[in-house]
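To keep things clear, I will list the structure first and then write my remarks on it.
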Amino acid sequence: MASSAAFSLLVAAALLLHFGCCHGQGDAGNGGAVAAIYSLGDSITDTGNLIKEAPPGAFETIKHLPYGVTLGYPTGRCSDGLLMIDFLAQDMGLPFLNPYLAKNRSFDHGANFAVAGATAMDPADQFNGSSSSMPFTVNSLKLQLRWFKNFMKSSFATDQEIRKRLQSSLVMVGEIGGNDYNFAFFGNKSMGEVEKLVPGVVQTIIDATKEVLEMGASKVIVPGNFPIGCIPGYLTSMASSEPSAYDSMGCLKELNLFAAKHNSKLQRAIADLRASYPDASIAYADYFNSFFSLLKGASKLGFDAGSTRKACCGAGGKYNYDERKMCGVEGTTACTDPSAYVSWDGIHMTQAAYKAMSRLIYHGRYLQPQILNFPEGNGQT
């Protein structure tokens, strides 16, 4: 089990990267408005691609209430309502991003290529065809990048036009990579085995970021991983009888140390990217520390402090999470007020939590450096 001292050293290193890497970067596009957002990622960002891609009868729960209950209808988002990407678009003065696989939709202001369950690395390469641990979707960052390139080529006549468009746009590369680790952990891989995935996952994210930069992107945001030791799904599946396994907030220290290692390696790689692309604005979105900030300030932000590690929708238990009875199936119920909860279904967050996270990151100190300009008054409530 990781020691508190080791964890403290990693956090200190992350803070050093936070304050030390954020100066002297190119100002590409900073003075202009963002005309479009293009997003790659997984269920944290997917606004409906999985339900378009899935065969009939698959993933029925997210196609129906209580998913989408805060909006009054399901949208294919893995939440009770909106996601961080929705609040970001809204605050930039843009419409919500339509999923790339949707038909007869407008993509004038960007497109969302994220797919719930997607991995950074190609599943066939990572899992070697093992059916016991293979993801439920074969979607990966490589496939989404191919979609993105095909979309841009079909939307604009020349590479020059694509570059011009991307120079006035924001590209989100992630959050991605979390599922590479999720599938490995839930496939009973040891911590040592999962840690061996980190270099490949980070390199895959960096390689994809390089590709969008080479296409002409001038504003790129690359998010890190959450403190997964605070997530109800992990708190349930990897529970420990040792009190020392938990931190003062009741989160699993070893899992959070693992996420911090991923994030530190990713931040170092992003710093190298900045040196290679000095005319681009490349930011790291700190999901890790912003989530801790949310937990620590839960009451002030309107959440029930006693429910920050419980799912709103579930089948009971200490964290209201049971992997055999996921939200939406028979035997599960949703809480009456999702806005009081941080976690929606034990894996994903509520609309209220995503809104708080979006404001903490994109309007606060967790976007490193701050590369966004918002229309006056947007995102202040």
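Computed from heavy atoms alone, side chains included, the values below leave out hydrogens, waters and symmetry copies.
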Counting only heavy atoms not in [X], do more than 12 fall under 6.0 Å of its [atom1]?
X: Lys142; atom1: NZ; answer: no
X: Asp159; atom1: CG; answer: no
X: Lys318; atom1: NZ; answer: no

Going by heavy atoms in the side chains, are [X] and [Y] under 4.5 Å from each other?
X: Thr45; Y: Glu175; result: no
X: Leu266; Y: Ile206; result: yes
X: Leu255; Y: Phe185; result: yes
X: Met249; Y: Phe292; result: yes
X: Asp345; Y: Tyr321; result: no
X: Phe148; Y: Met152; result: yes

Salt bridge flag under 4.0 Å for residues [X] and [Y]:
X: Glu60; Y: Lys63; result: yes
X: Arg359; Y: Asp91; result: yes
X: Lys325; Y: Glu330; result: no

Are [X] and [Y] close enough that a side-chain donor and a side-chain acceptor fall under 3.5 Å?
X: Thr119; Y: Asn179; value: no
X: Asn378; Y: Gln90; value: no
X: Asp80; Y: Thr350; value: no
X: Arg77; Y: Thr75; value: yes
X: Tyr277; Y: Glu214; value: yes
X: Tyr181; Y: His262; value: yes
X: Ser264; Y: Gln267; value: no
X: Ser43; Y: His348; value: yes
X: Arg274; Y: Tyr284; value: no

With the 4.5 Å side-chain cut-off for hydrophobic clustering, are Ile62 and Leu65 part of the same group?
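Yes, one cluster joins them.
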Would you say Ile205 ends up clustered with Met121 if hydrophobic residues are merged whenever their side chains have heavy atoms under 4.5 Å apart, either directly or through other cluster members?
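Yes, because Met121 and Ile205 connect within a single hydrophobic cluster, where side-chain heavy atoms sit under 4.5 Å apart.
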If the test is ring pair (Phe, Tyr, Trp, His ring centres under 6.0 Å), which one of Trp344, Phe59, Tyr73 qualifies with Tyr67?
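Checked Trp344, Phe59, Tyr73 against Tyr67; only one passes ring pair (Phe, Tyr, Trp, His ring centres under 6.0 Å): Trp344.
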Does the SG of Cys313 lie under 2.5 Å from the SG of Cys335?
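No, the SG atoms are not under 2.5 Å apart.
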Centroid-centroid under 6.0 Å between Phe303 and Tyr341 rings
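Between Tyr341 and Phe303, which both carry aromatic rings, the centre distance is not below 6.0 Å.
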Could you check whether Phe186 and Tyr234 have their ring centres less than 6.0 Å apart?
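Under 6.0 Å, so yes.
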